[in-house]
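Numbers restart at 1 for each chain; the letters A, B, ... are given by sequence-line order, proteins then strands.
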There are 2 protein chains.
Amino acid sequence: MYFAEPVAKLIEHLAKLPGIGPKTAQKLALYLLEIPEEEARALAEAIITARKNTRYCSICFNLTDTDPCAICRNPGRNHRLLMVVEEAKDVAAMERTGSFNGIYHVLHGVLSPIKGIGPEDLKVRELLLRLSREPVEEIIIATNPTVEGEATAMYLASLLKPLNFKVTRIAHGLPVGSDIEYADELTIRKALEGRRVLE
Amino acid sequence: MYFAEPVAKLIEHLAKLPGIGPKTAQKLALYLLEIPEEEARALAEAIITARKNTRYCSICFNLTDTDPCAICRNPGRNHRLLMVVEEAKDVAAMERTGSFNGIYHVLHGVLSPIKGIGPEDLKVRELLLRLSREPVEEIIIATNPTVEGEATAMYLASLLKPLNFKVTRIAHGLPVGSDIEYADELTIRKALEGRRVLE
């Protein structure tokens, strides 16, 4: 054993985190042993508190410490405009922009035949259920612009359009600040397809 | 607030770790909320246990859960051969090779006039004290081959040689498996200086 047992154990646990290899785990463990004890303890307690006090909102399935979550409960948000996203982190990314005032629905994944993920593994049934109760008019499908995200968007559109919702998809195109020269063909094609009249 | 408060707090604490930016902290936090609760709790408890049960060995200042540490207590190690290293992680790296059977002394840093770190900030006084009591004959200085590590080695040598210890320095040279073509000038010069007769 190269480190004292409690240190070795801490390294082992840290190395299980995604993107953390054994070297980084060792660095983090030694850091946690060097800093003031309160700080190390604060991190440990933040993990336990987050686990204890966080759940999924029973309406939109976003991460929340209250149920329903702050967004679902907020009468100031536009409850006729619902955005479907893959993960809780997409809600955070969207909220950060400050340019969306509707409500959300978190799918918790995307359709993936290869990984064996079907609609029953996502919060699709829950989406249909809430749509039957809530005054939603437009549904923005904001899954990622990946093969799986596209397939999920298509699937949801085929499900929701017959129910007479306005179903929209976030735009694909060239990212702001990017360079056409370096953009991939598919993005350029999507940018052309999605072109708009300048007014 | 883009995440529920306990999640935001966890992200904030994770982002304080070295080499962990806000994006990685977010990824780690969401991972810790997804995995089974026991696993997240196990990490939190490993942090607390490591802090509670780990101290520095009162002899060699390595990280340990017993005092003196397992190496200092081991009569099977060669107590006449002492290796001075910068940090506890260097002890781990050395032990991993299995090619050193002596004992250690961890300085907890290197001399650095720029950062204002002098001998009184390192475990130098403690080294001299234990050398006056222990049967050490040879001292291997294994600080890193950096400017500061070299300066620290020189300083220690000037301190220890007059006390009639055999003071040695680990060899500098080309790393095994490397390519002379890509080695820096200083390493090549050190490799030449340190050349040995083939027998």
Pick whichever of [options] has the most heavy-atom pairs under 4.5 Å with chain B.
options                    : value
A:T49, A:L63, A:N62        : A:L63
A:A92, A:A40, A:G19, A:C69 : A:A92
A:A70, A:A50, A:P18, A:A46 : A:P18

Donor-acceptor contact below 3.5 Å, side chain B:D90 vs main chain B:V85: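 No; zero donor-acceptor contacts below 3.5 Å.
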Short side-chain to backbone donor-acceptor contact, A:T152 and A:L111, under 3.5 Å: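 Indeed, once roles are kept as given, a pair shorter than 3.5 Å links the two residues.
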Max heavy-atom pair count under 4.5 Å with chain A, selected residue of B:L17, B:T64, B:N53: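 Among the listed options, the one with the most contacts to chain A is B:L17.
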Any side-chain donor paired with an acceptor under 3.5 Å for [X] and [Y]?
X      : Y      : result
A:S112 : A:E148 : yes
B:S58  : B:D67  : yes
A:H172 : A:E150 : yes

Residues A:E95, A:K89: salt bridge by 4.0 Å N-O rule: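 No, A:E95 and A:K89 are not salt-bridged.
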Residue pair B:L14 / A:L43, side-chain heavy-atom distance below 4.5 Å: yes
Positions in residues 20-33 of chain A that reach chain B, provided some heavy atom is under 4.5 Å away: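 Only A:I20, A:K23, A:Q26, A:K27, A:L28, A:L30, A:Y31, A:L32, A:L33 of residues 20-33 of chain A have a heavy atom under 4.5 Å from chain B.
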Option from A:L107, A:L156, A:L82 for which side-chain contact (heavy atoms from CB on, under 4.5 Å) with A:I141 holds: A:L156
